[in-house]
Amino acid sequence: MTEPFRQNGEYPPPPAYPAPAPAPASLPAPHRSGRRARGPLALLAAVALAAAAVGGGTAYAFQTLTGDDSGNGGAKNVNGTSVSTGSKGTVAGVASAVSPSIVEINATTGSGKSTGSGVIVTSDGEIVTNNHVISGATEITVRTSDGKTYKAKTVGTDSKKDLALIKLEDASGLKAASLGDSDDVQVGQEVVAIGSPEGLTGTVTSGIISALDRDVTVSADPGRGQGGEGQQGPGDGWPFEFGGEQFNGDTGSSKTTYKALQTDASLNPGNSGGALIDMDGNIVGINSAMYSPSSAGSAGASGSGSGSVGLGFAIPINTVKGDLAKLRAGATG
């Protein structure tokens, strides 16, 4: 075995530890993150990523990330009775949103009392209803959905359209309904009806629009049928004509015809003047007539049933909106 070379009798010192080779010039410099981005740019970037991940939309993600819950997760009601985002398309959502804008109307006349419904159109108590509900009334009492009662006076009437406007006394802070566009209504569209049939305040039913532009004929005589629906027998409704036949009694010689929305949502005596509502919470019609097979003089009446059979009619809300100025001016036609 050969010994290592020794100089002057000593082993040579170990070689120095080699220095690391410099990085090749072709390698990229290491990424430096530097200071973390702050402020709106970083927040918007995070929003975009969150929206892409959960599909909830940038607006919702922005609200969540910023801690702004003013929209209650998208469930805040806007524009009067509009249905909250989370409840759109449901009967329960429509009922919750619109019921505070529907009232029960009790009218006292020289011959008795009548019960109907109405729709609040201003926060200080303007209410649209049918003319036949308050025709000839000497006293009008209105009950809101929270149980409060108010006296009301007639502002204007239009018997040819079977419409009336009344005003509550000393009312404020009421929830006005959102009036929709009846020209957009389609056959087969889901709707909800709210009113006070037989005095059962706030009753909710649902169905579809079963036809458009039905020619419905009603009495234009303010004195005929005074006492309205409450003066007729159980199951009877306001007299009207359709297709050349009379329903729920004789309409008399003074008549008027209007184009109506037909619905299979259940309507009963007391629903008159109430609301027909789309699934976004917009009023698309004022319920005005229904067929009751047990009524004397009704076409096809068998006498074996009463109440709604899925033939109800509503005055299109665009007709109402076009008449409001006239009613507010005190029309008495």
Side-chain angles (χ1 to χ4, degrees), residues 74 77-99 101-102 117 119 128 130 161-163 177-197 202-218 237-238 240-245 247-248 257-293 298-300 305-323:
N77 287 339
V78 294
N79 296 331
T81 55
S82 294
V83 178
S84 63
T85 301
S87 299
K88 278 190 176 181
T90 69
V91 175
V94 172
S96 175
V98 184
S99 289
S101 299
I102 311 302
S117 306
V119 177
V128 169
N130 288 138
K161 296 178 181 176
D162 195 16
L163 292 172
S178 175
L179 306 185
D181 185 351
S182 51
D183 288 344
D184 289 340
V185 172
Q186 299 179 5
V187 173
Q189 175 178 330
E190 291 182 283
V191 287
V192 173
I194 304 179
S196 298
T203 296
V204 177
T205 59
S206 65
I208 63 168
I209 295 291
S210 47
L212 303 173
D213 297 326
R214 292 298 201 198
D215 287 326
V216 174
T217 300
V218 298
W238 178 252
F240 73 99
E241 295 178 13
F242 173 72
E245 301 287 348
F247 300 88
N248 307 340
T257 301
Y258 58 82
K259 297 287 185 180
L261 303 174
Q262 181 179 317
T263 180
D264 70 351
S266 179
L267 302 179
N268 290 285
N271 272 114
S272 283
L276 191 66
I277 312 151
D278 68 18
M279 301 309 287
D280 288 330
N282 301 309
I283 313 299
V284 294
I286 299 296
N287 300 319
S288 58
M290 44 76 65
Y291 169 47
S292 177
S298 295
S306 63
S308 173
V309 292
L311 286 174
F313 302 92
I315 301 168
I317 200 62
N318 286 4
T319 300
V320 178
K321 291 192 290 187
D323 210 33

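Closest heavy-atom contact between Ala95 and Ser99: O-OG, 2.7 Å. Closest approach of Lys161 to Asp323, counting heavy atoms only: NZ-OD1, 3.5 Å. Between Ile194 and Ile102, the shortest heavy-atom contact is O-CG2, 3.7 Å. The heavy-atom pair separating Ala177 from Val119 by the smallest distance is CB-CG1, 3.7 Å. Taking all atoms of both residues into account, the shortest heavy-atom contact from Asn287 to Ala314 is OD1-CB, 3.7 Å. Residue Asn268 comes nearest to Pro197 through the heavy atom pair CB-CB, 3.7 Å, listed as atom of the first residue, atom of the second, then distance.
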**Study point:** From CA spacing to verdict: side-chain contact (heavy atoms from CB on, under 4.5 Å), Val98, Val192
**Key:** CA-CA 10 Å; Val98 184; Val192 173; over 6 Å; no

**Study point:** Verdict with reasoning, Met279 to Val91, per side-chain contact (heavy atoms from CB on, under 4.5 Å)
**Key:** CA-CA 7 Å; Met279 301 309 287; Val91 175; 4.3 Å; yes

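In this structure, OG1 in Thr263 is found 7.5 Å from CD1 in Ile208, a value given to the nearest 0.5 Å. Distance check: Asp162 CG to Asn130 CG gives 4.5 Å after rounding to the nearest 0.5 Å. How far CG of Leu212 is from CG of Leu261: 6.5 Å, rounded to the nearest 0.5 Å. If you take OG on Ser272 and CE on Met290, they are separated by 8.5 Å, rounding to the nearest 0.5 Å. Atom CG in Leu267 sits 10.0 Å away from atom CG in Leu311 (nearest 0.5 Å). Here OG of Ser182 is found 11.5 Å from CG of Asn282. Values are rounded to the nearest 0.5 Å.
The salt bridge (Lys or Arg N to Asp or Glu O under 4.0 Å) test applied to Lys321 returns no partner, not counting sequence neighbours. Here Ala260 pairs with Val216, Tyr258, Phe313 under the side-chain contact (heavy atoms from CB on, under 4.5 Å) rule; sequence neighbours left out. With sequence neighbours left out, Ser210 forms a side chain to side chain donor-acceptor pair (under 3.5 Å) with Gln262. Partners of Ser117 under the side-chain contact (heavy atoms from CB on, under 4.5 Å) rule, at least two apart in sequence or in another chain, are Ser196. In this structure, the side chain to side chain donor-acceptor pair (under 3.5 Å) partners of Asp183, at least two apart in sequence or on a different chain, are Asn318. Legend: residues meeting side chain to side chain donor-acceptor pair (under 3.5 Å) with Asp184, ordered by chain and number and at least two apart, are absent. In this structure, Ser206 has no side chain to side chain donor-acceptor pair (under 3.5 Å) partners at least two apart in sequence or on a different chain.
Surrounding CD of Glu190 are at most 12 heavy atoms belonging to other residues, nucleotides or ligands under 6.0 Å away.
Screening Asn271, Ile209, Ile286 against Leu276 for a side-chain contact (heavy atoms from CB on, under 4.5 Å) leaves a single residue, Ile209. For the pairing with Ile317, the side-chain contact (heavy atoms from CB on, under 4.5 Å) check across Ile277, Asp181, Leu179, Asp278 returns one residue only, Leu179.
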